[in-house]
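Read through the structure below, which is laid out as structure tokens, and then see the notes.
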Amino acid sequence: MPKFIIGQRWTSETEPELGVGEVVDQDFRTVTMRFPASGEQRIYSSKGTSPLIRYILKPGSKAVSIKGISLFVEEITEENGLLHYKNKNKSISEDTLVLRQQSEDNSAEILNKLLEKVFSGNFDFCLRERAAKLRGIWKSSVARGMLGPRLRLLPHQLYLCFRASRGVSLPRLMLSDEVGLGKTIESGLIWNALQTEGRISRTLLIVPEQLKNQWLIEFGKRFNHWFTNIDEDYIIEHRKHAVEQQNVFSFHDTVICSLEFLLANRYMATAALEVHWDLLIIDEAHRLVKTSHSTNAEYTLAEEFSQKIQGLLLLSGTPIQLAPEAYFYRLRLLDKARFQNWEEFEKNQDNYKKIAKDLSKIPLDSDEELSWEALQKSIPKNSPIRSWLPIKADLSLTAAEWMRRVIDALGTGSSVFRNTRKSVKGFPRRVLKTYPIDGEWGVGSGEWLCSFIREHEKDKILLICSGSDEISALFALLCEEFGEGIAAVFREEESSLERDKAAAAWMQPDGPNILLSSEIGSEGRNFQSAQHLVLFDLPEDSSLLEQRIGRLDRIGQGEEIYIHVPYAKKSRGEMLFLWYHEALGIFEHSLMGGGEMYAKFESELKSYLENPAKKYGKFVKEFLPRGKAEMLLQSKKAEAGRDRLLEFNSQNRKISEELLAEAQKMDSNDELLPFAFDMLEGLDIDVQKGIYPDSFVFKGEPEQPEHATLLGVENARSSENGEISESDGSSITVVTGRETALNYENVSFFHWEHPIMQRLLDKALSDDFGNTACVVCDMVPAGEILVQYNFVLEFSVHAHWGINNLPGERFLSVIIDSKGNLRNDLAEALNTAALKNSKAADIPYSDLEYFTTEGFETAKNLLENATKKIAEETEKTVISILESELHRMEETYMLLRDFELGKLLAQKRKDIIACKKSLGNPKLRLNGARILCAT
């Protein structure tokens with residue numbers, strides 16, 4: 001296990017394009033490496049599983065210090081973990097070395113192995129070649145960072161992620177979609193993309209206490225990452241083992257805390273503020289309330305964090321019109337320079353509403369791209385907007401893009417994303433079925449449920465009620481009536497793994513008919529395989545009821561879902577049903593403003609529910625009509641304040657379709673899984689078919705620790721009870737199909753960005769794996785010797801440019817004979833040819849010497865034109881995207897004259913100049929070489 005010391009120099013064998021890095025921080029579990037050449041920072045495990053290689057200059061190499069001292073290395077010593085390079089007169093410590101632009105090219109090592117006839121074998125060489133091609137495809141994909149999560153690919157979410165993760169600086173945004181459109185998923189997608197691109201490494205999640213477990217599970221199962229939950233229990237456990245004065249937040253890169261915990265334990269909030277974070281995500285941001293007259297503690301805490309953390313995502317479905325001043329101050333958390341004054345914001349909003357009215361006739365909801373002609377016709381003749389229109393249609397700018405720039409500048413489009421069910425297609429229609437029951441609820445409800453199941457014996461049914469005891473009683477009743485196979489149970493008493501298995505069994509075509517779930521089933525689970533939802537009781541909180549319905553009411557579910565509500569007549573249950581149905585209308589439509597309604601009527605509603613027998617009549621005659629009138633008022637207010645321009649700006653059909661097509665193309669890649677399976681078997685890890693559709697079991701040897709490390713089973717822990725999920729300690733079950741993965745959450749989604757897949761790619765591309773081979777090939781003419789050189793073309797780009805995936809990596813290969821002639825005509829045939837390993841005993845040394853010197857230079861020269869063409873095409877694509885973003889920022893600046901935006905503009909212009917220079921000088925790095933001999 002390496003010992004990391006601050007100041008040491010290291011390189012990444014899997015990402016050599018990062019350049020030489022230096023250790024800037026380390027603790028007992030992680031080491032932080034800064035790579036100045038690429039402007040990136042990485043955090044690795046310090047326990048021997050990282051892809052880091054110590055950067056050591058060789059004798060005869062030139063060493064240069066940051067003070068300008070230079071020498072040719074004659075001797076190397078080590079003192080206190082740091083290397084010292086010396087000659088007779090001078091010494092340079094490695095922590096003062098000038099860092100190279102890129103890591104050492106290992107071409108010499110590969111060529112020396114050829115010369116010395118040290119070969120890895122053809123099987124490993126082919127695996128390395130396949131890995132290089134696959135990694136190039138992944139790194140060049142515009143959908144990189146969006147592929148790995150266990151998610152249905154939805155255009156509006158892909159576009160939001162694209163916009164948020166491609167900016168000059170880390171995003172500071174409010175995600176304000178309506179309930180049910182996936183704000184949690186959107187924030188997770190953005191996090192995953194930024195993490196994948198290496199732009200962030202440390203994230204803090206602050207959420208309400210009652211939603212914390214839901215967030216933990218959502219990130220763990222959808223994004224394959226478990227955040228560390230720091231709460232009272234954690235602190236108690238930590239104090240048993242910790243050294244005094246240790247800041248617990250410095251031990252973990254991804255942390256989740258409840259808002260209530262930080263408010264109740266101010267010293268913990270102070271500790272969290274003392275450490276560095278890259279990204280902060282705050283859920284239920286409408287709880288952060290500030291006005292001109294008062295500020296709550298939640299807002300004060302959020303403000304402190306927002307001033308220290310570069311990236312910020314606020315999640316809130318509450319629209320502006322319900323609390324405009326508090327909404328302004330939340331925007332101020334995101335952009336203090338732009339949102340400076342409430343009165344000025346209010347005035348600007350009035351002007352914006354007038355502009356929105358002028359633009360109201362534009363066909364924004366049309367499936368066709370907005371045209372300049374339609375835009376010109378739709379704007380009133382006396383509108384001030386006409387003065388901003390180009391004199392003639394700007395062919396380099398679409399009408400839709402022009403609209404987005406206006407919305408950015410005059411509205412809140414640069415800081416807020418809001419999608420609604422009216423702007424996003426694909427939700428099912430809610431169909432309500434009611435079942436009034438005579439007599440007492442207990443006996444009648446059981447008889448009703450048995451009758452209901454007989455009527456729906458061929459359907460999958462999800463039943464949710466609040467109490468775990470009721471679930472146990474129902475399970476016993478149904479088993480007695482129908483037999484044990486009729487139902488599965490999903491409740492708090494079971495572990496996360498047991499719940500997952502129950503849900504997976506229920507989803508099987510021949511599995512149980514009904515899943516009986518306590519309230520825990522309302523928390524973020526996907527139960528889309530069912531179309532029937534039974535609400536066996538109703539909660540008092542409308543947001544919780546909406547959560548229950550949201551388990552089935554999802555995009556792509558189908559045309560209809562059926563909501564079944566049984567209740568005893570004139571009971572508490574019927575009163576709740578009437579409140580939700582007649583006053584709030586929640587069973588037929590997604591609820592907007594439910595939180596405000598609950599806050600306004602909570603105490604009065606509870607008083608009615610306490611005594612149904614006496615208050616039922618008054619409840620129906622007086623309370624329900626008032627509730628209905630207030631809900632109607634809220635709905636009209638919300639619809640009147642609906643910002644169609646903001647909704648338009650939150651989507652982009654063209655980019656969304658391109659992202660979706662690219663993601664689907666990556667999903668259907670037919671080379672990724674065969675590579676992974678071959679790689680696993682080559683490492684003596686058995687691959688077996690699993691019991692679920694599209695599933696496989698990877699079985700390692702228990703006595704081989706490296707198998708557990710590769711499979712990650714030592715880290716495959718759920719958030720509850722420290723249990724290992726999908727694993728018995730030496731094996732792990734995965735599923736390879738996206739749709740199947742959505743239905744079976746108890747198994748990992750094995751895809752491009754799964755940790756095991758990335759480890760396999762890392763292993764295949766490591767320095768010592770398969771980089772040389774010598775084979776006998778019957779296509780090689782008698783008496784000839786050929787060499788195949790595999791290269792990777794790399795572009796060095798800074799992380800903050802937000803374009804890491806656009807240049808990507810390109811795999812290039814060239815075959816030459818001993819006279820320097822190009823023989824790429826054999827390249828395709830080599831993929832299917834029967835090649836046998838050879839020891840190269842009969843190859844003359846002079847030929848090997850040629851191929852490792854002059855021949856190697858010839859191979860690079862033969863690729864010169866291809867390299868130049870790729871560089872030009874890449875530069876054209878990347879600069880076009882960067883300049884488009886620059887123009888959008890310039891137009892916003894012209895209207896706002898914002899000082900902070902002006903600084904960003906200046907930085908953007910510098911970045912484009914630097915980017916052009918970088919893209920014009922890619923590096924061709926030798927990745928492997930194979931000798932092809934005649935039979």
Side-chain angles (χ1 to χ4, degrees), residues 13-14 51 106-107 109-138 669-688 696 698-701 704 706-707 709-711 736 750 752 756-780 785-792 811-815 823-824 826-843 848 851 925-935:
E13 63 177 336
T14 58
N106 62 349
S107 301
E109 286 80 357
I110 294 174
L111 297 173
N112 282 336
K113 286 175 73 174
L114 281 189
L115 192 63
E116 297 168 7
K117 300 182 181 180
V118 178
F119 304 119
S120 308
N122 191 58
F123 182 75
D124 286 358
F125 181 87
C126 291
L127 284 172
R128 184 183 184 91
E129 182 179 76
R130 291 159 69 186
K133 292 177 180 178
L134 289 167
R135 175 155 280 180
I137 291 170
W138 175 65
N669 183 287
D670 58 2
E671 297 178 356
L672 184 67
L673 290 178
F675 158 77
F677 295 161
D678 287 347
M679 190 73 188
L680 286 165
E681 290 179 3
L683 297 170
D684 296 324
I685 293 174
D686 192 26
V687 178
Q688 300 177 1
F696 297 87
F698 302 156
K699 297 184 76 69
E701 295 294 335
Q704 294 195 36
E706 62 272 20
H707 283 187
T709 300
L710 179 68
L711 297 179
T736 58
F750 190 56
W752 289 91
I756 296 177
M757 186 69 77
Q758 288 295 312
R759 291 186 197 115
L760 291 173
L761 290 168
D762 289 347
K763 176 70 176 176
L765 293 170
S766 59
D767 276 352
D768 295 329
F769 188 95
N771 56 12
T772 58
C774 181
V775 297
V776 174
C777 176
D778 57 11
M779 291 179 294
V780 177
I785 298 171
L786 310 180
V787 169
Q788 173 188 354
Y789 301 92
N790 289 343
F791 294 91
V792 173
F811 176 84
L812 297 171
S813 185
V814 63
I815 302 172
R823 294 302 308 273
N824 271 18
L826 300 177
E828 285 296 322
L830 285 176
N831 294 329
T832 56
L835 305 177
K836 295 181 180 179
N837 287 322
S838 170
K839 296 182 180 180
D842 299 330
I843 300 177
L848 291 174
F851 284 120
R925 178 172 58 84
L926 184 63
N927 186 59
R930 175 167 61 179
I931 298 174
L932 307 170
C933 304
T935 54

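Please read these numbers as outputs of a predicted model, since none were measured by experiment.
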Open item on the list: Please check: side-chain N/O of R823 versus main-chain N/O of V780, any donor-acceptor pairing under 3.5 Å?
Closed with: no

TODO: Mind running side-chain contact (heavy atoms from CB on, under 4.5 Å) on C933 and V775 for me, showing each step along the way?
DONE: CA-CA 6 Å; C933 304; V775 297; over 6 Å; no

Task: N824 (side chain) donor-acceptor with I815 (main chain) under 3.5 angstrom - done: yes

Open item on the list: Measuring only between side-chain heavy atoms, which start at C-beta, is I843 closer than 4.5 Å to I931?
Closed with: yes

Open item on the list: Taking the ring of F811 and the ring of F791, is the distance between their centroids below 6.0 Å?
Closed with: no

Task: Nearest-0.5 Å distance that lies between atom CE in M779 and atom CG in L786 - done: 9.5 Å

TODO: Output the distance between atom CG (L848) and atom CG (N112), rounded to the nearest 0.5 Å.
DONE: 11.5 Å

TODO: State, yes or no, whether a side-chain contact exists between N837 and F123 at a heavy-atom distance under 4.5 Å.
DONE: no

- [ ] Specify the closest pair of heavy atoms between A132 and N927, including all atoms of both residues, with the distance to one decimal.
- [x] CB-ND2, 3.6 Å

Open item on the list: What I'd like to find out is whether the side chain of R759 reaches to under 4.5 Å of the side chain of I756, using heavy atoms alone.
Closed with: yes

Task: Proximity of F696 and F677 rings by center, below 6.0 Å - done: yes

Open item on the list: For the CD atom of E129 and the CG atom of L830, what is their distance to the nearest 0.5 Å?
Closed with: 8.5 Å

TODO: May I ask you to test the F119-C774 pair for a side-chain heavy-atom distance under 4.5 Å?
DONE: yes

- [ ] Report the C-alpha separation of N790 and L926 in whole Å, then their side-chain angles, then the decisive distance to 0.1 Å, and conclude whether the side-chain contact (heavy atoms from CB on, under 4.5 Å) test is met.
- [x] CA-CA 6 Å; N790 289 343; L926 184 63; 5.8 Å; no

Open item on the list: Working to the nearest 0.5 angstrom, can you tell me the gap between S120 OG and K113 NZ?
Closed with: 4.0 Å

Task: Heavy-atom donor-acceptor pair, Y789 side chain to L812 backbone, under 3.5 Å - done: no

Task: Distance (rounded to the nearest 0.5 Å) between Q704 CD and D684 CG - done: 6.5 Å

Task: Electrostatic pair K763-D124, nearest N-O below 4.0 angstrom - done: no

- [ ] State, yes or no, whether a side-chain contact exists between I785 and F851 at a heavy-atom distance under 4.5 Å.
- [x] yes

- [ ] Using modelled atom types only, decide if a donor and an acceptor are shared between the side chain of R128 and the backbone of G928 within a distance under 3.5 Å.
- [x] no

TODO: Answer yes or no: is there a side-chain heavy-atom contact under 4.5 Å between S107 and I110?
DONE: no

Open item on the list: Just so I know, are the side chains of V814 and Q788 near enough to count as touching, which here means a heavy-atom distance under 4.5 Å?
Closed with: no

- [ ] Spell out, as yes or no, whether a donor-acceptor pair under 3.5 Å connects the side chain of N669 to the backbone of L672.
- [x] yes

- [ ] Under the side-chain contact (heavy atoms from CB on, under 4.5 Å) rule, what do L835 and V776 come out as? Steps first, then yes or no, please.
- [x] CA-CA 6 Å; L835 305 177; V776 174; over 6 Å; no

Open item on the list: Under a 3.5 Å cutoff, is there a donor and acceptor pairing between the side chains of N122 and R930?
Closed with: yes

Task: H707 side chain to L683 backbone, donor-acceptor under 3.5 Å - done: yes

Open item on the list: Looking at every non-hydrogen atom in both residues, tell me the closest pair between A131 and A764 and how far apart they are.
Closed with: CB-CB, 3.5 Å

- [ ] Mark yes or no for whether Q758, through its side chain, and W752, through its backbone, hold a donor-acceptor pair below 3.5 Å.
- [x] yes

TODO: Could you check if a side-chain atom of R135 sits within less than 4.5 angstrom of a side-chain atom of V792, using non-hydrogen atoms only?
DONE: no

TODO: To the nearest 0.5 angstrom, please state how far the CG atom of L680 sits from the NZ atom of K699.
DONE: 13.5 Å

Open item on the list: Applying side-chain contact (heavy atoms from CB on, under 4.5 Å) to W138 and M757, what does each step give before you reach the verdict?
Closed with: CA-CA 12 Å; W138 175 65; M757 186 69 77; over 6 Å; no

Task: F675 versus L127, closest heavy-atom pair with distance - done: CE1-O, 3.6 Å

- [ ] State whether the side chain of T772 and the backbone N or O of V118 hold a donor-acceptor pair below 3.5 Å, judged by distance alone.
- [x] yes

